[in-house]
Structures are given as C-alpha cells and as structure tokens.
Amino acid sequence: MSRPRTRRVVITAALTGAADSPAKSPHVPVTPQQIADDAIAAARAGAAVVHVHVRHPETGIRSRDVALYREAAGLIRASDVDVVLNLTAGMGGDLVVDDEDPLKPVDGTDLVSQRDRMPHVEELLPDIATLDCGSYNFGDGQALYVSTTAMLREGAKRFQELGVKPELEVFDSGQLWFAKVLREEGLIDAPGLFQLCMGVPYGAPADPGLLMAMVNQLPDDAEFTSFALGRDQLPWVAQSVLLGGHARVGLEDNLYLSRGVKATNAQLVDRAVTIVESLGSTVATPDEAREIFGLQR
C-alpha cells in the first residue's frame, strides 16, 4: 500500500550503541557526561529524539548499569535543550554458545530475563524505550540475540503499565509479523511506533525494495522510522522519508560523514536535516515528535 510522504520528519540520533566502536573512533561517547553532551549537541543540530545506551566509563564496554543510565538521563533532562528521551531496553539478550557444548554460554554472553532488561526504564520512565521484536543470528560465529515471544509479550505489557511508548525494533519480516501480533493482542497501543532496522547481519538486508515491502506490511496508521548501517546510513534517510517514514542517524550505526572522514553525532544529524529538507519535508521539533508519536508529556 502506498503511503503519503511524511512532511514532518522526526530525526532520531542513536548516540553510542553497544558495539566496540570507541576503539574505532574518538568521537563515540562513553561516559554519561559525554553521552549527555552528545545528546545535547544532536538536539541542537535538529534531532527531536536521542536514543541512549550506556557504557562502562573505564572500559567503554556496553553496560546495563542503572546508575549510568540515571546519570546520563539526568544530565540530558537538566540541560537547556528539549529532546525526547529514548532508552534502549534491548541489552541483556546476547548469547554466545560453545562450539563443543551448545548449552554452555561463553565469554560475550549477557542473557537475562525480560524484566531484568528493564529496571532503568521502570525507574527513569523515558518517553520511549526499545523492544527488540525477535531472536536472530547476530553476525558470524556463535553469537545470537535472544528475544522470545513470551519475553516480548511480558515487555510490551510492562511498557503499557509504565506509560512508556515502545519502539518496536524490527530486524526482519518475521519480527514485523510478530510485532503486529502484539498490536492485535492489545499489548501495543495503536497505532504503534515501528523501527525498521536494515543491514544488521543477519537480519533484513539494506535493500530499498525490501524496505518498501516491509513498509507495505505495516498497519495503515502506524508510524515508522528506518535506518541502515555504515555507508548506507545517510542515503537511508532519503529512502525512509520517501516511503513516508522518519529517520535515524548516529554513531551507533555509522562512524563516517563521508569516505575517510569520521563524524560526530551532531554532524550526522546536521547532514540528515539537509537531506530531509532537500526532499521538501520539514524537520519535526520535539513537541511535534511527541504529537506524531502519541507520547505522554
């Protein structure tokens, strides 16, 4: 089904992610202060939403420490910028299995229950938090991301109880199918906010035709954002907008502004603003994003 091209486009800045990117770029924020500073800079550049992971300040490794989320979120909320806060709730789904004994988890595993993936959401009550909508092979080797249907139902119900909008992270067409089931079961309030994640090995490839097919499977009234990794990130802003969606950029998904030029989060947002406006759309303010996504104030 054809969708009208979005006129007010919400730009999300995904600031740091969970990969080993600090070793690859000095611009990837690590400490809560650095993450907050990048959130503020991205908001000033035009991002209406900031998507936040946290890392161990000393090592840069991904973390689920509530105290780190508390510090980063507090600094963002206390700043002089208005921005919609989106916290990941996807950490705690990583399973790396042993070659000889598949029931034995090995280094790199961080696998906990759905409820244990959400204590920072329960305490901090962000505007939005993510819900990764299925399990899949995460790259090459023995790594899996685990998110079962029972976990997802539990997480969706808890989000409803908290009044936090779930951003449904969809990495392939089967996950989109189940995300729609959550909505049909009343566990996701209509219209729903879908994030179509493209090019993450081994989910959906970053193929424009596949993105169009997935968009055509969305509920007619749903809002969606899409992103792709690496060099596809900035062109994907246009792909998503032209199909009626919103856009996500940031160092979680891409470290470069152009070939050989390492970016900051604010620079990626600024480039996304240029792309959105060149397509005849306008960049949504945080208040407009709240209206578009149906967020509670």
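Remember, predicted model here, so these are calculated numbers, not experimental data. Side-chain atoms are counted along with the backbone in the values below, which use heavy atoms only and exclude waters and symmetry mates.
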Minimum side-chain heavy-atom gap [X]-[Y] below 4.5 Å:
X: Val200; Y: Asp253; answer: no
X: Thr225; Y: Val10; answer: no
X: Pro166; Y: Ile188; answer: yes
X: Val52; Y: Ile76; answer: yes
X: Val83; Y: Val49; answer: no
X: His246; Y: Ile292; answer: yes
X: Phe159; Y: Met118; answer: yes
X: Gln239; Y: Ser226; answer: no

Which pairs count as salt bridge (charged side-chain N to carboxylate O under 4.0 Å, His left out) when at least one residue sits in [range], sequence neighbours excluded?
range: residues 262-275; answer: none
range: residues 185-203; answer: Arg153-Glu185
range: residues 43-52; answer: Arg44-Asp80
range: residues 57-71; answer: Arg62-Asp94, Arg64-Asp110, Arg70-Glu123

Please round to the nearest 0.5 Å and tell me the distance separating atom [atom1] of [X] and atom [atom2] of [Y].
X: Arg115; Y: Arg158; atom1: CZ; atom2: CZ; value: 4.5 Å
X: Leu182; Y: Glu184; atom1: CG; atom2: CD; value: 9.5 Å
X: Asp172; Y: Ser135; atom1: CG; atom2: OG; value: 10.0 Å
X: Arg248; Y: Cys197; atom1: CZ; atom2: SG; value: 6.0 Å
X: Phe227; Y: Leu196; atom1: CZ; atom2: CG; value: 9.5 Å

Main-chain N/O of [Y] paired with [X] side-chain donor or acceptor, under 3.5 Å:
X: Ser258; Y: Val261; result: no
X: Asp127; Y: Leu85; result: yes
X: Thr109; Y: Val96; result: yes
X: Ser147; Y: Cys133; result: no
X: Ser281; Y: Arg8; result: no
X: Thr88; Y: His51; result: no
X: Glu223; Y: Gly294; result: no
X: Lys165; Y: Leu193; result: no

Tell me which pairs pass ring-ring contact (aromatic ring centres under 6.0 Å, His included) where either residue lies in [range], with sequence neighbours left out.
range: residues 255-290; result: none
range: residues 168-219; result: Tyr136-Phe171
range: residues 72-109; result: none

Discussion item. Run Arg117 and Asp132 through salt bridge (charged side-chain N to carboxylate O under 4.0 Å, His left out) and show every step you take.
Written reply: CA-CA 11 Å; Arg117 301 179 194 188; Asp132 290 33; over 6 Å; no
I need the minimum non-hydrogen distance between [X] and [Y], along with the two atoms involved.
X: Arg183; Y: Pro191; result: NH1-O, 2.8 Å
X: Asn254; Y: Gln233; result: ND2-OE1, 3.2 Å
X: Pro286; Y: Asp82; result: CG-O, 3.1 Å
X: Leu152; Y: Gly134; result: CD1-N, 3.9 Å
X: Val9; Y: Ala247; result: CG1-N, 4.1 Å

>> Show, in sequence, the C-alpha distance, side-chain angles and deciding distance for Leu176 and Leu218, and conclude whether the side chain to side chain contact (heavy atoms under 4.5 Å, CB included) test is met.
In response: CA-CA 8 Å; Leu176 177 55; Leu218 291 170; 3.6 Å; yes
Please list, chain by chain and in numerical order, all residues satisfying side chain to side chain contact (heavy atoms under 4.5 Å, CB included) with Asp116, sequence neighbours excluded.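 Here the qualifying residues are Val112, Ser113.
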Quick one: side chain to side chain contact (heavy atoms under 4.5 Å, CB included) partners of Leu125, sequence neighbours excluded?
->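 Listed in chain order: Leu162, Val164.
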Between [X] and [Y], is there shared hydrophobic-cluster membership here, with clusters defined by ILVMFWY side-chain heavy atoms closer than 4.5 Å?
X: Leu68; Y: Leu124; answer: yes
X: Val81; Y: Val50; answer: no
X: Val276; Y: Leu268; answer: yes
X: Val269; Y: Leu251; answer: yes

Less than 3.5 Å apart, any donor N or O on the side chain of Gln142 or Asp98 sitting next to an acceptor on the other?
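The criterion, which ignores hydrogens and geometry beyond distance, is not satisfied for Asp98 and Gln142.
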query = Of all residues at least two apart in sequence or in a different chain, which pass the ring pair (Phe, Tyr, Trp, His ring centres under 6.0 Å) check with Tyr69?
reply =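 Partners of Tyr69 under the ring pair (Phe, Tyr, Trp, His ring centres under 6.0 Å) test: His120.
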After noting the C-alpha distance and the side-chain angles of Gln114 and Leu131, does the key distance pass the side chain to side chain contact (heavy atoms under 4.5 Å, CB included) rule?
CA-CA 10 Å; Gln114 181 63 42; Leu131 189 64; 3.9 Å; yes
Exercise. Test side chain to side chain contact (heavy atoms under 4.5 Å, CB included) on Gln217 and Met214 and set out the steps.
Key: CA-CA 5 Å; Gln217 291 297 312; Met214 293 175 72; 5.6 Å; no
Donor-acceptor list for residues 29-41 side chains, cut-off 3.5 Å, not counting sequence neighbours:
{"residue": "Thr31", "atom": "OG1", "partner": "Gln34", "partner atom": "N", "Å": "3.0"}
{"residue": "Gln33", "atom": "NE2", "partner": "Asp37", "partner atom": "OD1", "Å": "2.9"}
{"residue": "Gln34", "atom": "OE1", "partner": "Val30", "partner atom": "N", "Å": "2.8"}
{"residue": "Gln34", "atom": "OE1", "partner": "Thr31", "partner atom": "N", "Å": "3.1"}
{"residue": "Asp38", "atom": "OD2", "partner": "Asn265", "partner atom": "ND2", "Å": "2.7"}

Note to self: How about CZ on Phe138, more than 12 heavy atoms from neighbouring residues, nucleotides or ligands closer than 6.0 Å, or not?
What the structure shows: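 Open.
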#### Entry: CA sep, side-chain torsions, deciding dist, call: Leu279, Leu242, side chain to side chain contact (heavy atoms under 4.5 Å, CB included)
CA-CA 8 Å; Leu279 295 172; Leu242 289 172; 4.2 Å; yes
Side-chain donor-acceptor pairs of residues 18-27 under 3.5 Å, sequence neighbours excluded:
{"residue": "Ser21", "atom": "OG", "partner": "Arg55", "partner atom": "NH2", "Å": "3.2"}
{"residue": "Ser25", "atom": "OG", "partner": "His27", "partner atom": "N", "Å": "3.2"}

